Amino acid sequence: MQRYFIHPNEFADAVVTITGDDAHHLIRVMRAKPGDTCIVSDGVSREALVRIRSLEDRQVTADIVDRLPMENEAAVDVWIAQSLPKGDKMELVIQKGTEIGAVRFLPFVSERTVVQLDGKKEGKRLERWQKIAKEAAEQAHRNRVPAVDSVLSWKELLRTASEADAAWICYEKQDAQQLRRAIREAVTKGSDRTGGSRVKLMLIVGPEGGFSEREVSEAEAVGCVAVGLGKRILRTETAAMVGLTCILYESGEMGGEQ
C-alpha cells in the first residue's frame with residue numbers, strides 16, 4: 001500500500017491533508033479516487049490508514065480509518081557520515097542507506113575528497129538529497145524520514161562526532177572484528193542506561209581514496225574508533241551500506257545476537 005509523509009500540521013484528529021508532490025503523485029500517477037486508501041505518517045509519532053474523501057488540484061483530503069503502530073524503525077539510531085564521493089554516488093548512499101535503516105546522513109569534505117563544492121548549488125543539492133531520503137523512506141515503509149545535514153568540513157564533522165554515543169571511522173588497515181566488538185559494547189551500554197533515550201551510533205566513511213593516517217589519528221583523538229569492514233577493499237558507497245548493515249545486524253535488528 002502506498003505510503004506518504006505529511007507535515008504534522010496536516011495531520012488532524014480525524015482528517016489528514018496531503019499536498020504538493022505527494023498529492024500530485026496520488027492524483028496523476030496513482031489515479032486515486034474517493035474511497036481509495038493509503039497510509040500517511042507525520043514522521044514523528046502518528047501514522048494512520050486513511051480513506052480518500054476528495055481530490056483537488058495538488059490537494060487530497062482523507063479520513064482516518066485506523067491508527068497504526070510506529071514499529072518499523074531500528075532500536076538504535078545510526079548516522080552515516082559520508083565523505084563526498086564523485087558523481088551521483090551520494091544519492092545512492094542516501095537512497096539505499098534510508099532503505100536499510102539509517103536515521104541521519106552527514107556529508108563532509110576530507111583530505112582526499114575530489115568533489116569541487118559550489119556554494120550556489122548547495123541548496124538545490126541538499127533539497128534533492130532530502131527528497132531522495134523521503135521517497136526511499138516511503139518505499140521502505142519507514143516511520144520517519146532520515147535527516148540530511150548540510151556539507152560539513154572535517155573539523156566540523158569531528159565536533160559532531162561527540163554528539164554520538166559511539167563513533168567509528170572505517171579504515172582498511174583495521175581488523176573487521178573490531179567493529180563487531182565495538183557495536184556489541186555500545187549497544188550493551190545503551191541498553192543498560194535509564195531514561196529510554198535511543199543509542200546514537202556514527203559510522204564515518206571516507207572518499208574514493210580513503211582516509212589519511214593523519215585523519216584517522218585526529219578522529220581517534222576525539223574518541224572515534226578505527227574499524228575495518230573485512231579483507232576486501234570496498235567502494236566508498238558500498239562501504240557505507242555494508243557498515244550500516246553490520247551495525248543493524250549486530251544490534252539485533254536483522255537477527256543477530258544482542
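No experiment lies behind these values; they were computed from the predicted model shown. Positions are given from 1, in the same order as the sequence printed here.
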Mind checking whether [X] and [Y] sit in one hydrophobic cluster, side chains of I, L, V, M, F, W, Y counted as touching below 4.5 Å?
| X | Y | answer |
| --- | --- | --- |
| Tyr249 | Trp168 | yes |
| Leu201 | Ile100 | yes |
| Val103 | Ile132 | no |
| Leu203 | Leu92 | yes |
| Met202 | Leu179 | no |

Kindly say whether [Y] contributes a backbone atom to a donor-acceptor pair with the side chain of [X] at under 3.5 angstrom?
| X | Y | value |
| --- | --- | --- |
| Arg46 | Phe11 | yes |
| His7 | Thr19 | no |
| Asn143 | Asn72 | yes |
| Thr113 | Ser83 | no |
| Asp42 | Ser45 | yes |

Residues Leu248, Val78; criterion side chain to side chain contact (heavy atoms under 4.5 Å, CB included); working and verdict: CA-CA 8 Å; Leu248 293 180; Val78 184; 4.0 Å; yes
Give me the atom names and distance for the closest heavy-atom approach of [X] to [Y].
| X | Y | answer |
| --- | --- | --- |
| Ala133 | Val148 | CB-CG2, 4.2 Å |
| Leu229 | Cys170 | CD1-SG, 3.9 Å |
| Leu244 | Gly101 | CD2-N, 4.3 Å |
| Ile183 | Ile247 | CD1-CA, 3.6 Å |
| Ala186 | Val199 | O-CG1, 4.2 Å |
| Val115 | Pro85 | CG2-O, 3.1 Å |

What distance separates [X] [atom1] from [Y] [atom2], expressed to the nearest 0.5 Å?
| X | Y | atom1 | atom2 | value |
| --- | --- | --- | --- | --- |
| Ser150 | Arg125 | OG | CZ | 9.5 Å |
| Phe105 | Asp149 | CZ | CG | 11.0 Å |
| Phe5 | Ile18 | CZ | CD1 | 12.5 Å |
| Ile27 | Asp57 | CD1 | CG | 7.0 Å |
| Lys86 | Thr236 | NZ | OG1 | 10.5 Å |
| Glu218 | Glu215 | CD | CD | 7.0 Å |

Any salt bridge linking [X] with [Y]? Criterion: basic side-chain nitrogen under 4.0 Å from a carboxylate oxygen.
| X | Y | value |
| --- | --- | --- |
| Glu163 | Lys200 | no |
| Arg144 | Asp77 | yes |
| Glu91 | Arg128 | yes |
| Lys89 | Glu208 | yes |
| Glu127 | Lys131 | no |
| Asp36 | Arg31 | no |
| Glu185 | Arg181 | no |
| Glu99 | Arg142 | no |

Below 4.5 Å, heavy atoms only, C-beta onward: do [X] and [Y] meet side chain to side chain?
| X | Y | answer |
| --- | --- | --- |
| Cys224 | Ile204 | yes |
| Ile80 | Val93 | yes |
| Tyr4 | Ile39 | no |
| Val225 | Ile169 | no |
| Leu152 | Val109 | no |
| Ser212 | Val216 | no |
| Pro34 | Ser54 | no |
| Thr98 | Pro146 | yes |

Checking side chain to side chain contact (heavy atoms under 4.5 Å, CB included) for the pair Val50/Ile52: CA distance, chi angles, key distance, verdict? CA-CA 7 Å; Val50 301; Ile52 295 174; 5.7 Å; no
Within a reach of under 6.0 Å around [atom1] of [X], are more than 12 heavy atoms found that belong to other residues, nucleotides or ligands?
| X | atom1 | value |
| --- | --- | --- |
| Arg232 | CZ | no |
| Arg214 | CZ | yes |
| Arg112 | CZ | yes |

Between Phe108 and Phe211, how do the two ring planes meet: parallel, tilted or perpendicular, split at 30° and 60°? parallel
Applying side chain to side chain donor-acceptor pair (under 3.5 Å), can you list everything that pairs with Glu213, at least two apart in sequence or on another chain? Lys173
Go through the structure and list residues passing side chain to side chain donor-acceptor pair (under 3.5 Å) with Thr160, not counting sequence neighbours. none
Before giving the answer on side chain to side chain contact (heavy atoms under 4.5 Å, CB included), spell out for Ile64 and Val15 the whole-Å C-alpha distance, their side-chain angles and the decisive distance to 0.1 Å. CA-CA 6 Å; Ile64 295 177; Val15 179; over 6 Å; no
Are Asp63 and Arg53 close enough, and set up right, to give a salt bridge (Lys or Arg N to Asp or Glu O under 4.0 Å), and what steps lead you there? CA-CA 6 Å; Asp63 298 305; Arg53 178 197 300 177; 2.5 Å; yes
Using the rule salt bridge (Lys or Arg N to Asp or Glu O under 4.0 Å), only one of Glu138, Glu47, Glu135 pairs with Arg3; which is it? Glu47
Between Trp129 and Val151, is a side chain to side chain contact (heavy atoms under 4.5 Å, CB included) present by the stated rule, with each step listed? CA-CA 11 Å; Trp129 288 344; Val151 179; 4.1 Å; yes
Go through the structure and list residues passing salt bridge (charged side-chain N to carboxylate O under 4.0 Å, His left out) with Asp88, not counting sequence neighbours. none
